[in-house]
Amino acid sequence: GRITYANEAWRRNGRDGVASQEFVAAVGHSYLDEWSVAGDATAEHVVAQLSALLAGRSAGFTTVYPCHSPDELRWVKLIARPVEHTHGAAMLIHVDHTEAFLAAARSRVQHEIARCLARDVSLEDACGHLVDSVTVELEWQIGAVWVPEEDDQALRCVKLRIDRDLAGGPFEAQTRSSRFLRGLGLLGRVWETRAPEWIASVATATNVPRLAAAVQDGVRSGFAFAIHADAKVLAVIEFYASRQRACDEALLGVLGNIGTQVGDMIRRQRAEESQRLSLQETLRVRSRLETLLEAAPMFVATVDADGRVEFA
């Protein structure tokens, strides 16, 4: 399992915090040992598969694994194949798979929300599914749902999902207790404009009310988008990450569309509910009127627009 050759691209892409310097230097270092140290499920899979390949029990394998640094998310596709005519040797090709991984994750989010909308769920449930899906599929550590208060003057947090490593800190406390006016911070701007917005670096951004708490807890990037029907914002959903994340325009586009779809569903639900209540009121009034007319001493009849008797 020792590395016998590595090209310049391998060394150039070695980054502090991702692998040891010996691993980056490569030649003579044990590839299997480096994976064994990680000790997670992905590492166990790679070690088992590569051991089988080197022993001649496998024709090769392909896997995708996270290769994140403190400042960047990255996924790598590992393609392992035997070296012809050389027993116990393998060629390992590593390809940057980040864009493909994120594209697939965005598609999974869309699919999950489409299933959710097909069930005609409530606004609370739809927003909850969105937070859960985005945080899990796209590795955001914080997701929160904010809705306008009854007087429509401020946003308040009604759902918060936060990773265990960040839970209990000042950012969580301020998120649960804060109120945001239109135009105040990321949430207030999105509420005011109804347009998605991304903050690549929280520490250097302006108009960040929870800045001190974010810096203390290591919150580095974030974005938010609105759930709206026409000009009315029904909710604003925000996400934050503990790694710096460059703006993902494709994700903002997907979630912007989802925000409109959820808003349209809620508008239709409310229109149907209003129509149902209106019909109930009409029937109640008619029943009361018929009761009064039934007891009246005069001859009374009602006819419809075609002249047919409805009540006598």
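Quick note: numbers below take in every heavy atom, side chains included, and nothing from hydrogens, waters or symmetry partners.
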Short N-O contact, Asp125 and Arg119, less than 4.0 angstrom: no
What salt bridge (charged side-chain N to carboxylate O under 4.0 Å, His left out) pairs are there with at least one residue in residues 45-61, not counting sequence neighbours? none
Pairwise side-chain contact, Leu184 with Asn207, heavy-atom cut-off 4.5 Å (strictly under): yes
Give the cluster check for Leu252 versus Val190: same hydrophobic cluster or not, with ILVMFWY residues linked at side-chain heavy-atom distances below 4.5 Å. no
Test item: Val236 and Ile227 side chains (from C-beta on) under 4.5 Å apart, heavy atoms: no
Donor on one side chain, acceptor on other, Thr42 and Asp40, under 3.5 Å: no
Check: Phe61 and Thr63 side chains under 4.5 Å, non-hydrogen atoms: yes
Hey, what else clusters with Val37 if you join Ile, Leu, Val, Met, Phe, Trp, Tyr whenever side-chain heavy atoms sit under 4.5 Å? none
How far apart are the C-alpha atoms of Leu78 and Thr62, what are their side-chain angles, what is the distance that settles it, and do they pass the side-chain contact (heavy atoms from CB on, under 4.5 Å) test? CA-CA 6 Å; Leu78 168 60; Thr62 300; over 6 Å; no
same_hphob_cluster(Leu160, Phe225) at 4.5 Å side-chain heavy-atom cutoff: no
Regarding Ser221 and Arg243, is there a side-chain donor-to-acceptor distance under 3.5 Å anywhere? no
Evaluate the side-chain proximity of Leu251 to Phe223: yes if any heavy-atom separation is below 4.5 Å, no if none is. yes
ILVMFWY network linking Val262 to Ile237, side-chain heavy atoms under 4.5 angstrom: yes
Just jot down the salt bridge (Lys or Arg N to Asp or Glu O under 4.0 Å) partners of Arg179, sequence neighbours excluded, or say none. Glu149
4.5 Å side-chain heavy-atom contact, Trp191 and Phe180: no
Are any side-chain N or O atoms of Ser133 and backbone N or O atoms of Leu130, one a donor and one an acceptor, separated by less than 3.5 Å? no
Going by salt bridge (Lys or Arg N to Asp or Glu O under 4.0 Å), name the residues that satisfy it together with Asp151, two or more places apart in sequence or in a different chain. none
Hey, what do you get for NE2 (His129) to CD1 (Ile113), rounding to the nearest 0.5 Å? 7.0 Å
Name all residues meeting the side chain to side chain contact (heavy atoms under 4.5 Å, CB included) criterion together with Val136; count only those two or more places apart in sequence or in a different chain, and write none if there are none. Arg161
Taking all atoms of both residues into account, what is the closest heavy-atom pair of Ala80 and Leu92, and its distance? CB-CD2, 3.6 Å
Is any side-chain heavy atom of Ser51 closer than 4.5 Å to a side-chain heavy atom of Leu32? yes
Evaluate side-chain contact (heavy atoms from CB on, under 4.5 Å) for Val131 paired with Val145, printing each intermediate quantity in order. CA-CA 8 Å; Val131 166; Val145 180; 3.5 Å; yes
Using 0.5 Å steps for rounding, measure from the CD atom of Gln110 to the CG atom of Leu117. 11.5 Å
Run the numbers on Leu187 and Arg210 for side-chain contact (heavy atoms from CB on, under 4.5 Å), then give the verdict. CA-CA 11 Å; Leu187 290 163; Arg210 292 167 288 172; 3.7 Å; yes
If hydrophobic clusters are built from ILVMFWY residues whose side chains come within less than 4.5 Å, do Leu166 and Phe239 share one? no
Which pairs pass salt bridge (charged side-chain N to carboxylate O under 4.0 Å, His left out) with one or both residues in residues 185-197, sequence neighbours excluded? Arg189-Glu197
With Glu112 via salt bridge (Lys or Arg N to Asp or Glu O under 4.0 Å) - residues at least two apart: Arg115
Quick test of your reading: applying salt bridge (charged side-chain N to carboxylate O under 4.0 Å, His left out), list the pairs with at least one residue in residues 213-224, sequence neighbours left out, ordered by first then second residue. Asp71-Arg220
Got Val147 and Leu234 here, is their nearest side-chain heavy-atom distance under 4.5 Å? no
To the nearest 0.5 Å, how far apart are NE2 in His97 and SG in Cys67? 13.5 Å
Side-chain donor or acceptor of Glu238 paired with backbone N/O of Ala224 under 3.5 Å: no
Okay, side chain of Gln141, backbone of Glu139: is any donor-acceptor separation there less than 3.5 Å? yes
Give me the atom names and distance for the closest heavy-atom approach of Val121 to Ile266. O-CD1, 4.2 Å
Between side-chain atoms of residues 254-261 and protein atoms elsewhere (two or more places apart, or another chain), which donor-acceptor pairs fall under 3.5 Å?
residue: Asn257; atom: ND2; partner: Gly253; partner atom: O; Å: 3.3
residue: Thr260; atom: OG1; partner: Gly256; partner atom: O; Å: 3.3

Reported OG-to-NE2 distance for the pair Ser242 and His68, which is rounded to 0.5 angstrom: 10.0 Å
For residues 162-175, which residue pairs qualify under salt bridge (charged side-chain N to carboxylate O under 4.0 Å, His left out), counting only residues two or more places apart or in two chains? Glu172-Arg176
Please enumerate all residues that pass ring-ring contact (aromatic ring centres under 6.0 Å, His included) together with Phe171, with sequence neighbours excluded. Tyr240
Could you label the plane-to-plane angle of the Trp198 and Trp140 rings as parallel, tilted or perpendicular, counting under 30° as parallel and over 60° as perpendicular? perpendicular
Parallel, tilted or perpendicular: ring planes of Phe101 versus Trp75, cut at 30 and 60 degrees: parallel
Please assess Val46 against Glu44 for the test side-chain contact (heavy atoms from CB on, under 4.5 Å), listing each intermediate value before the final yes or no. CA-CA 6 Å; Val46 170; Glu44 291 175 1; over 6 Å; no
Heavy-atom nearest pair, Ala229 first then Arg267, reads CB-CB, 4.0 Å
Distance, nearest 0.5 Å, that separates CD of Gln49 from OG of Ser58: 6.0 Å
N-O pairing of Asp248 and Arg106 below 4.0 Å: yes
All heavy atoms of Asp96 vs all of Thr98, minimum pair found to be OD1-OG1, 2.7 Å
Any side-chain heavy-atom pair from Val202 and Val215 closer than 4.5 angstrom? no
Heavy-atom closest pair, residues Leu53 and Ala59: CD1-C, 4.2 Å
Report the distance from atom CG of Asp120 to atom CE of Met265, rounding to the nearest 0.5 Å. 6.0 Å
Can you name the nearest heavy-atom pair linking Pro148 to Asp152, along with the distance? CB-OD1, 3.4 Å
Going by side-chain heavy atoms closer than 4.5 Å, which hydrophobic residues are tied to Val95, directly or by a chain of links? Ile79, Val83, Met91, Ile93
Is the number of heavy atoms from other residues, nucleotides or ligands within 6.0 Å of NE2 (His111) greater than 12? no
